[in-house]
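All remarks here apply to the structure that follows.
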Amino acid sequence: MKKIALLVSNEQNKKLMTDMLSDRYEILALAPEDSLSKQFDLAIVDGVSLDLLQVKIKLLKYESNPVFLPFLFITTRQDIGYTTRYLWKVIDDIIVTPIEKIELLARIEMLLTTRRYSVEIKNRLEEMEILAHAIGHDLKAPLRSIETFASYLKQDCYELLSDTHKDYLERILRAITKMNDMQDAIHTFMSVGCKGIVKQTLSLKYLVRAVLEENDIILDKTGATVTVLQDIQFNTDEKLIKLILKNLIENGIKFVESGKRPVIEINGLRRGEYTIIEVSDNGIGIPDAKIEEIFKPFYRLHTDKEYPGTGLGLTIVKKCVDMLAGSIKVVSKDSGTTFILEFLERR
Ligand code: ADP
């Protein structure tokens, strides 16, 4: 990571910088437009080249996303005001002439370090995507085979088995269901937000209805009711907010005392610049001391026998809330729990 493009029109400045930098870096000092078409890790650009090439630079930065392609602007003190409209859009940092070599090197190294980190993050994201795909698809195939053959055994030989062997078979089938649920949850967790965030104005009522329709949320079997008390229109990413609502509604229905009819109430409010969404249930509640813990991966307060689950539902909720730059609070009593979501409404 050592290639620097000099997009500098003033020949004297170009020579000065080449002298300062060529012992440490590989310097591209062609005509600015030609340098831009080559591969480099950082560009130093002056006012004349910036005016000429700003559209191309913007495009190049966009194309290299999520890898950071830094542009360091070189300017005189008189022209420094000129940079404000470009700063953090086209250029990432400024250096004022006359240049001190040590300052120039420090800025270059800082920008190159940031670029290096962004490459690492991109590589990690790609690995995550491969892993998420393996969990969501490749591991599913052998599990499906186990499930198919175990269910053939149950169908064809169940009556021939001793009670002990029937119990073994039932345990295998339960473990398969658990494994399927875990794979789905891990795949969802790893894929959250992979495709970026697309915000649009949506109504809470629409979202709740869609979540209930799109997911097999067991309203009939449990007699649960899900009601939107007050609708609200807000700016959000449909996929992320649906995942949040799905997990909170499912938990509200699941974590009730046996035999009790679950009642879920959802409320939309506007408080100043914030959209508030409250999801309340009449369930078993969460002890105050555990409220911080429940968002951690695989953390569960109950055994599978009491309440089945993966321990990833609220971790997924938290990840979605973070991606939407929101916050989540929990208020819980013995008579039920309210999850309070808060999002800054940017118009
Ligand atoms: P899961 O539902 O798969 O167990 P979650 O991550 O969704 O995992 O929740 C973590 C834990 O938090 C649950 O096991 C449960 O103990 C507690 N919890 C979550 N939501 C509620 C709720 N609405 N009421 C009571 N307890 C809850």
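Atoms within each ligand, like the ligands themselves, are counted from 1 in listed order. Counting begins at 1 with the first residue of the sequence. Please read these numbers as outputs of a predicted model, since none were measured by experiment.
Comparing heavy-atom distances from atom 10 (C) of ligand 1 across Phe255, Tyr299, Tyr307 singles out Tyr299 as nearest. Residue Leu314 holds the heavy atom nearest to atom 9 (O) of ligand 1 of all those in Ile291, Ile249, Thr315, Leu314.
Between Phe343 and Tyr274, the gap from one ring centroid to the other reaches at least 6.0 Å. Taking the six-membered ring where the residue is Trp, the centroids of His137 and His187 are separated by under 6.0 Å.
In this structure, the side chain of Asp41 engages the main chain of Lys3 through a donor-acceptor pair within 3.5 Å. Panel note: side chain Lys56, backbone Leu36; no donor-acceptor pair is recorded below 3.5 Å. A donor-acceptor pair under 3.5 Å is formed between the side chain of Asp237 and the backbone N or O of Val198.
Between Gln230 and Leu204, the closest heavy-atom pair is O-CD2, 3.9 Å.
Of the protein's heavy atoms, Asp281 OD2, 2.9 Å lies nearest to atom 23 (N) of ligand 1. Nearest non-hydrogen protein atom to atom 12 (O) of ligand 1 is Ile294 CG2, 3.3 Å. The protein heavy-atom contact nearest to atom 26 (N) of ligand 1 is Ile286 CG1, 3.3 Å. The protein non-hydrogen atom at the shortest distance from atom 20 (N) of ligand 1 is Asn251 ND2, 3.3 Å. Closest protein heavy atom to atom 4 (O) of ligand 1: Arg300 NE, 2.7 Å.
Those atoms of ligand 1 with a heavy atom of Leu301 less than 4.0 angstrom away are 14 (O), 16 (O). Counting the atoms of ligand 1 from 1 in the order shown, those under 4.0 Å from a heavy atom of Lys254 are 1 (P), 2 (O), 3 (O). Within ligand 1, the atoms closer than 4.0 Å to a non-hydrogen atom of Gly309 are 3 (O), numbered from 1 in the order shown.
Checked against a 3.5 angstrom limit, the closest N/O atoms of Gly311 and ligand 1 fall inside it. Residue contacts with ligand 1: Gly313 is placed with a nitrogen or oxygen under 3.5 Å of a nitrogen or oxygen of the ligand (distance criterion only).
Under a 4.0 Å heavy-atom criterion, Glu250 is not in contact with ligand 1.
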